[in-house]
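Below you'll find the structure, written out as structure tokens, and then a few comments.
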Protein chains: 2
Amino acid sequence: MLSKRCKYALKAMVCLARVYKQGQLTIASIAEQENIPKKFLEQILLELKRVKLVNSKKGVAGGYYLIKDPNEVSVADLYRIFDGPIALTPCVSLNYYEPCDDCVDEETCYLRNQLIEIRDKTRKSMSEATLQRFIDND
Amino acid sequence: MLSKRCKYALKAMVCLARVYKQGQLTIASIAEQENIPKKFLEQILLELKRVKLVNSKKGVAGGYYLIKDPNEVSVADLYRIFDGPIALTPCVSLNYYEPCDDCVDEETCYLRNQLIEIRDKTRKSMSEATLQRFIDND
DNA sequence: TATAATATCTATCATTTTAGTAGTCTTTAG
DNA sequence: CTAAAGACTACTAAAATGATAGATATTATA
């Protein structure tokens, strides 16, 4: 499941993708349109800015805008930012690798092969769900 | 990511699958072999018994044994028991459906189509990872 | 029949994560 | 100058997670 943060981020990003290279949206307008608590969304957009997916302009007539192409941002990207590894265990994660507490020897772990298969398929399906697709296939 | 509960459950189930129709294993033996806190594993096995995937015998020479065929139990089943919906939002979950707090109209939700696609692919890959496969493809 | 080995049940707990809220400060167009 | 925007810092309530503790019930077997 997506956390609320991540779902809100996805919604906000799709909103911004719709006006990609055509303007900006204020936090308040996104929050209202999408039923997201404004202060919470503020934090989320700040994080999206920190990782350079969006940028913002302060002051009157300011707002947020997407800086990456909507074809280049996917659910997988947002999931990793807000919800962490896509893999089912840290030991098979490509982006967030960590050894498992309970596993003695990774090389001989009998879970590994299947978990890697699941990881690859999940990565693929989440990567294919780009912002652009959310717009096109609406 | 799998919770520890779920990962421990998976490991225990694979252990039990290896001796399917050939005997039983004690909590202690599984806990020791797999580096799982015994009391925690106890709770997990109790839950697996409650949902009728395993059964147990008390007393000396007692233990747990699988009652479903190892081809009929998958990561998807265990995920649902311990970690909940496989879908990314409750509103596209087949087994745990719930409307979303923030969505006004489900029918016109622009996230829906893509989230359903992801759900179907994830369900498939997690369902294909049966206990038997963990044994065969070890 | 006593006992040791096993599962079962009920309760509790510390820590972390989640989903926010509150208040103040900074920037900027007009 | 000021209103409208984002930025920053801090706090918090509730739930989930990953356990631990202790007492009870059952059963094979010596």
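Within every chain, numbering begins at 1; the chains are lettered A, B, ... in the order of the sequence lines, protein sequences first and strands thereafter.
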ask   = When you look at CD of A/Q22, are more than 12 heavy atoms from neighbouring residues, nucleotides or ligands closer to it than 6.0 Å?
value =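 More than 12 within 6.0 Å, yes.
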ask   = Do B/E117 and B/N113 get their side chains close enough for a donor-acceptor pair, meaning under 3.5 Å?
value = no
Which whole-number value in Å describes the distance from [X] [atom1] to [N] [atom2]?
X	N	atom1	atom2	result
A/K7	C/dT18	NZ	P	17 Å
B/L45	C/dT6	CG	P	14 Å
B/I44	C/dA7	CD1	P	14 Å
A/E42	C/dT26	CD	P	15 Å
B/L41	C/dT8	CG	P	12 Å

B/K11 side chain reached by B/Q33 side chain, heavy atoms, under 4.5 Å = no
Please find the pair of heavy atoms, one from [X] and one from [Y], that lie closest to each other, and give the distance.
X	Y	value
A/M13	A/L66	CE-CD1, 3.4 Å
B/G84	B/Y96	C-CE1, 4.0 Å
B/K52	B/K68	O-CG, 4.1 Å
A/L115	A/L88	CD2-CD1, 4.1 Å
B/F134	B/A129	CE1-O, 3.7 Å
B/P90	A/M1	CD-CE, 3.4 Å

inquiry  = Taking any atom closer than 4.0 angstrom to a non-hydrogen atom of chain A, what span of DNA chain D does the protein reach, first nucleotide to last?
reply    =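 Listed 5' to 3', the contact boundaries are D/dA3 to D/dA10.
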task = Side chain of A/R5 only, please: which of C/dT28, C/dA11, C/dA19 is the nearest?
result =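 Nucleotide nearest to A/R5's side chain: C/dA19.
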inquiry  = Reading DNA chain C from 5' onward, which residue's closest nucleotide shows up sooner: A/Q43 or B/Y64?
reply    =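 Its nearest nucleotide being more 5', the pick is B/Y64.
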ask   = Of A/G59 and A/L2, whose nearest nucleotide on DNA chain C comes first from the 5' end?
value =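 So the residue in question is A/L2.
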inquiry  = Heavy atoms only, 4.0 Å cut-off, all strands: where does A/F82 land among base, sugar-phosphate and nothing?
reply    = nothing
key: Nucleic acid contacts - residues 23-40 of chain A versus DNA chain C, non-hydrogen atoms under 4.0 Å   =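 Heavy-atom cutoff 4.0 Å gives A/P37, A/K39, A/F40.
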